[in-house]
Amino acid sequence: MKDELRRNMPLFPIGIVTKLTELTPRQIRYYEQQGLISPERTKGNQRLFSFNDVDRLLQIKSYLEKGINIAGIREMLKQQQQVLEAKREAETAKKELSERELRRMLKQQIIHPRRGQIPLNHGELSRFFRH
DNA sequence: CTTCTTACA
DNA sequence: TGTAAGCA
């Protein structure tokens, strides 16, 4: 989950990206103008690309080689982004369910302590059920 | 020297 | 898309 931040860090100037992708600066700037990528800028207005930007450029390149036009690629990325969003939501829902399960089990343990188990005191209880 | 924008072929 | 000009 912390990887996402790393992948979105503005790191490389356009010169590095041209070597990484085999695309010309002209092409890269044009794709940005077409809304296919949104690299950050330095205080001096220079573009700084992230790993995600580079990956996306490589993706754009392969789509272009397969004969898909800019408009088509824009839609592909849009849909792909929606899929990722749905995935994140599903993941979040899953974790919330897990927490509810944990709470339920804790409550169960407090209400019906098993033999040999030390009951939780008030401090611990309030900590677990504060929310 | 690298990058940026703008304009033209 | 390539290239040139004039800046930063």
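Every value quoted in this text rests on a predicted model; they were computed, and no experiment measured them. A note on names: the letters A, B, ... follow the listed sequences, proteins ahead of strands, and every chain is numbered from 1.
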Check: Is the distance from OP1 or OP2 of C:dG2 to the nearest side-chain N or O of A:Thr24 less than 4.0 Å?
Finding: yes
Next item on the list: Shoot me the first and last contacting nucleotide of DNA chain B against chain A, ordered 5' to 3', at under 4.0 angstrom to non-hydrogen atoms.
Entry: B:dT3 to B:dT5
Check: At their closest point, which heavy atom of A:Pro13 faces which heavy atom of A:Leu11, and how far apart are they?
Finding: CD-O, 3.9 Å
Next item on the list: Take A:Leu36 and A:Ile73 through the side chain to side chain contact (heavy atoms under 4.5 Å, CB included) test and state the conclusion after the steps.
Entry: CA-CA 8 Å; A:Leu36 270 38; A:Ile73 295 175; 4.1 Å; yes
Next item on the list: With heavy atoms under 4.0 Å as the rule, sort A:Gly15 into base, sugar-phosphate or nothing.
Entry: sugar-phosphate
Check: Counting any heavy atom closer than 4.0 Å, what does A:Arg29 reach on the DNA or RNA strands: base, sugar-phosphate only, or nothing?
Finding: base
Notebook entry, point to check: Roughly how many Å is it from CZ in A:Arg26 to C1' in C:dA5, rounded to a whole number?
Noted result: 15 Å
Note to self: Please evaluate residues A:Glu40 and A:Arg47 with respect to the criterion side chain to side chain contact (heavy atoms under 4.5 Å, CB included), reporting the C-alpha separation (whole Å), side-chain torsions for both, the decisive distance (0.1 Å), and the verdict.
What the structure shows: CA-CA 6 Å; A:Glu40 298 288 312; A:Arg47 273 166 265 250; over 6 Å; no
Next item on the list: For A:Pro13, report the nucleic acid contact type (base, sugar-phosphate, nothing); a contact means any heavy atom under 4.0 Å.
Entry: sugar-phosphate
Next item on the list: Evaluate the side-chain hydrogen bond (donor to acceptor under 3.5 Å, both in side chains) criterion for residues A:Glu4 and A:Asn8: first the C-alpha distance (whole Å), next the side-chain angles of each, then the deciding distance (0.1 Å), finally the verdict.
Entry: CA-CA 6 Å; A:Glu4 207 31 54; A:Asn8 281 317; 3.2 Å; yes
Item checked: Side-chain ion pair, A:Glu101 and A:Lys95, N-O less than 4.0 Å -> no
Next item on the list: Check the distance between C:dA8's C1' and A:Arg41's CZ and give it to me in whole angstrom.
Entry: 13 Å
Notebook entry, point to check: To the nearest angstrom, how far is A:Ile28 atom CD1 from C:dG2 atom P?
Noted result: 11 Å
Next item on the list: Starting at the 5' end of DNA chain C, write a dot or bracket for each base, bracketing those in Watson-Crick or G-U wobble pairs whose two distances are under 3.5 Å and using | for partners on another strand.
Entry: ||||||.|
Next item on the list: Of all the heavy-atom pairs spanning A:Leu58 and A:Leu20, show the shortest one and how long it is.
Entry: CD2-O, 4.0 Å
Item checked: Short N-O contact, A:Arg56 and A:Asp53, less than 4.0 angstrom -> no
Check: Under the 3.5 angstrom rule, does the side chain of A:Lys61 hit a backbone N or O of A:Leu23 as a donor-acceptor pair?
Finding: no
